[in-house]
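Data block below; observations after.
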Amino acid sequence: MKNKKQVAITLGIVCFVLTIGIMIQLNTIKDAVQSVGQDAKDNALKDEVLKWKERYDRAYQELEASEEQLNKERQESLSTDSTSVEKQKKLKELNTYLGLTDVTGSGIIITVQDNTASKFVTSKDLVHDADLRAIVSEIKNIGADAISINGQRIVSSTAINCAGAIVKINEEAIGSPFVIKVIGNGDLNYNLTRPGSYIDKLRDDGIKVDVKPSDNITIEKYDGVLTNKYIQSVE
């Protein structure tokens, strides 16, 4: 009877050990399978990234080749057509007039910003789209050559609108401070800050306005698309 008991205990211990061994092997196999699966996913992602990089490199090379060919054809056209130089000159002048080229010159830089020093900031302490439109209108009446606000070139189709707490110019959202660059004659400073001017009115209302003359102002081109929705040329 005693021997049977010892045999039963021994068999129980052996079964327990075997069970633990089998569980360890199963976990090891599971981890190995997961590791292989993850490696396969990583390799697949790397292959996909490499494929897209190759496509990008090919597209970029084709673009460069097209630009080189276009420049070559332009140069050949200029060399064979005696009127091309004059046409290019007129086109450049027209693009400058329309605001489609970067320009530089002397003028003034106006910085307009909200009055945040007030204890209780009200609508009167903020710069609104109507304020910017009024300043631009006075600048145009004086006869400035080029205007931009926070890098947005003012062209014939430019809209200055309110969009909640911000202002949108050329459909781009901008905020205070508003830096207005103006290229024009030397009377700009006096005419825009004279008593009774709109800038003078803003200052009386507590709006911060700083006007500085500059001999080296660069105004970037309008990077949108000029469209005429309602006019047609007369044949």
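Here the structure is a predicted model, which means the values were calculated and not measured. Start at 1 with the first residue, then count along the sequence.
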Listed by chain and number, what are the side chain to side chain donor-acceptor pair (under 3.5 Å) partners of Ser176, not counting sequence neighbours? none
Applying side chain to side chain donor-acceptor pair (under 3.5 Å) to Asp200 and not counting sequence neighbours gives none
Could you check Ile169, Thr158, Val182, Ile149 and say which one makes a side-chain contact (heavy atoms from CB on, under 4.5 Å) with Val136? Ile149
Per the side-chain contact (heavy atoms from CB on, under 4.5 Å) rule, which among Leu132, Asn170, Ile147 passes with Ile154? Ile147
[atom1]-[atom2] distance between [X] and [Y], expressed to the nearest 0.5 angstrom:
{"X": "Ser137", "Y": "Tyr198", "atom1": "OG", "atom2": "OH", "value": "10.5 Å"}
{"X": "Asn161", "Y": "Ile166", "atom1": "CG", "atom2": "CD1", "value": "11.0 Å"}
{"X": "Thr193", "Y": "Ile110", "atom1": "OG1", "atom2": "CD1", "value": "9.0 Å"}
{"X": "Leu192", "Y": "Ile180", "atom1": "CG", "atom2": "CD1", "value": "9.0 Å"}

Residue pairs involving residues 153-173 (criterion salt bridge (Lys or Arg N to Asp or Glu O under 4.0 Å); sequence neighbours excluded): Lys168-Glu171
Between Phe178 and Asp131, is the side-chain contact (heavy atoms from CB on, under 4.5 Å) condition met? List the steps. CA-CA 11 Å; Phe178 301 96; Asp131 299 321; over 6 Å; no
Among residues at least two apart in sequence or on other chains, which ones pass side-chain contact (heavy atoms from CB on, under 4.5 Å) with Thr122? Lys124, Asp125
Surrounding CD of Gln113 (heavy atoms of other residues, nucleotides or ligands, distance under 6.0 Å), is the total greater than 12? yes
Neighbour count >12 (heavy atoms, 6.0 Å) for atom NZ, Lys221: no
Validation row: Lys208, Asp210 side chains within 4.5 angstrom (heavy atoms): no
Side chains of Lys181 and Ser214: closer than 4.5 Å at any heavy-atom pair? no
Stepwise, does the side-chain contact (heavy atoms from CB on, under 4.5 Å) test hold for Leu202 with Ile135? CA-CA 10 Å; Leu202 288 177; Ile135 294 173; 3.9 Å; yes
Does a donor on one side chain sit under 3.5 Å from an acceptor on the other, for Asp215 and Ser106? no
Determine, stepwise, if the pair Val127 / Ile207 fulfils side-chain contact (heavy atoms from CB on, under 4.5 Å). CA-CA 7 Å; Val127 180; Ile207 298 296; 3.8 Å; yes
Using links of under 4.5 Å between side-chain heavy atoms of ILVMFWY residues, direct or through other members, which residues join Ile183 in one cluster? Val103, Ile109, Val179, Ile217, Ile219
Return the set of residues passing salt bridge (Lys or Arg N to Asp or Glu O under 4.0 Å) with Asp129 (not counting sequence neighbours), or none when no residue passes. Arg133
